[in-house]
Every structure is written in structure tokens, then in C-alpha cells.
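The figures that follow rest on heavy atoms only: side chains count, while hydrogens, waters and symmetry mates do not. The model shown is predicted, which means the values in this text are computed figures rather than measured ones. Along the sequence shown, the residues carry numbers beginning at 1.
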Amino acid sequence: MSKAKGLVQKTHKLIHDIATPRQPLLDDPNINKNGTFNPFGSFSFTGDLRPVYPLTPRREVPEHIVKPDYAEDGIPTSESRRAGQPPKILTEEEQEKMKTVCRLAREVLDTAASHVKPGITTDEIDAIVHNATIERNAYPSPLNYRGFPKSVCTSLNEVICHGIPDQRRLQEGDIVNIDVTVFYDGFHGDLNETYPVGRVDDDSKRLMRTARRCLDEAIALCKPGALFRDLGKTIEPIARGNNCAVVRTYCGHGINDLFHCAPNVPHYAKNRAIGTMKPGMTFTIEPMVNLGHNWDQVHWPDDWTATTVDGKRSAQFEETLLITESGVEILTAGKKREDLYD
């Protein structure tokens, strides 16, 4: 789950407060025959995607599973207490815990990805992620983080990030980003990938490959002494060279025993990010890339779902990284996807 630019000290409150959508009247023309409905019927959507409510109830987490501090009230108190502090340098023991949770997060994402096909709902993907996380005695970090109602973010087509899983079924030609974060043994592991649903058009293929390359080239720069602000100098030219734009509102973030913390990791050129990479730091890089030249976003009335302003598609890839004495380790690394490199 990404972090809004410039709000690391405020833990991006403005982005993550959630509003309760209205419930429709029984004679509401927006209600479908199967009982589903669009809760924001009067909203001016930028693309073809619409929310399909009602949302299913919050999924239960067994009592024996250790939970983050926000699990009950939605407030990440520990993040607020450490706001403004420099990036944490993890001990060897803490690094091992990060490696474990990131391995689990990768397993969960790969499990969810194996179910991506036309006809499945994003809520069903949420159930798969939730159950796979619980089976590993872990907690799905997005669940109730600042009120987020689900265990994973699913962002389709023109959705940039923070899509809420609902009753909408994936359709042939869609692209879907699945953003998984897992909390285990006191630490969070965070990653996401964008997947084609069946056969997709050439623009979608170009978009996904561009987003993956942006991430790969940025990771290649990571090592002790590298500046966080320099990553965008590599990412943005790659996107522009493929007729795409890099989102500026959201950025990568520090991650360890906190879900979101320092450092800020912007993905665009000429940013003012502060900090130098040091051994023992863990953080994410997660460039969001839009087709076309518009990087801005519009939020749905749920105050979570961020979409492109022109309705064009967006793709994202994310890894959690550890800076080592000699370079960088991709803690959430998975198998190479041939569809992104052929």
C-alpha cells in the first residue's frame, strides 16, 4: 500500500480516512436485479469502472494471531509517535524477521495471482488473500488500517491505487493490481504486481512492462550511499520514453515494524526527498505509471480509490528492499514473469 507524497509525518491521514457510502432506497434505479448497486451514482467517474456494492462484512482474524496496533480502532498510534524520526536501521535479528514476513507476503500474492481470470470478483480475491494470510498465522496489514475495510487493495484499469475489493467481476481484457501486505512476528512485508486478465491490448502490455522496468531500474541503483531523491531521475525518463506518466501524489515508504514510515521514496524526477541509503534500512519502491501524459488523480467518494483523471489505465509494481553492506536485497522477490520481459 503506497504512501501519499509529503505526508509521511502525518501518516497520510487525508488519503486514508474512509467515508461510509449511502445505502440505496428500495426503489433506487441504481440497484441491479441481483441486489448490487453503485453507491456513488451521481459521481462523475473518469473512466468506465464503477464500484459494485454492497461490500461484504469485515473478515475475521483469529484471536491467536498477533495484530498491529490499529487492528481494533483503525489508528496506527505507533506511526504517529515515530513521525519525523530518521529511517530505522534494523538489527540482524530484525532483518531476519523482515525476510520471513516478506517471503510470506510473496507467497500470499502468488496465491492470489493464480486465481486471476475472467469471472472472479475482487471480493473473492480479497477472501483468498485473507485466508492465505491467516493460514500463515499472519495478519493482513491493510485490514482496518485507517479504516480500510478489506485485507488487500485491488486496483483495476484506471484505478491507480487503493481500490476496495467489491462485487465487480474481472472481465477479459482488464488489468488488475493486487497489493498485499502481511504482518508477522511484529514486522510488515509489502509488495504488489499488475496482472492481465486473459488477453489484453497492446497499450496495456506496454504499460505493465514500462511500470515493471521503472521498478527494476530503480532497484538497480540501490546501495549504501545512494540518494533517495535520485531514483526518480531514472524512473521518470523510462515512463516518458514509453508515452506514460509517473504518479507524483503517492510514493514508496519505509517499512519495518511500522506499515508506513521514513524514508519517503518519490518516483519522479526533481523531487526533494531527503536521505541516503544505509545498510539495515528497509523500504519499498512502487512506481505508479499511467498511460498518456497525465500523472494526476481523482478520488472516488470512498476517499480511498484513486483513479486517473482521464480514465486511462494505470499499472504498478512494488517490492520491499533491504540495503546491505554491498548493495540491495529484494526481500519480496518472486519468479520472473515472462509476459513482462519478452
Should [X] and [Y] count as an ion pair when the cut-off is N to O under 4.0 Å?
X    : Y    : result
D126 : R59  : yes
K270 : E236 : no
R106 : E319 : yes
R209 : D202 : no
R206 : D203 : yes
E92  : K97  : no
E72  : K67  : no
R337 : D339 : yes
D123 : K150 : yes
R136 : E107 : yes

Query - Candidates T194, N157, T154 - the one meeting side-chain hydrogen bond (donor to acceptor under 3.5 Å, both in side chains) with N177 - result: T194
Query raised in the report: Going by distance alone, is a donor N or O of one side chain under 3.5 Å from an acceptor N or O of the other, for E93 and T91?
Result: no
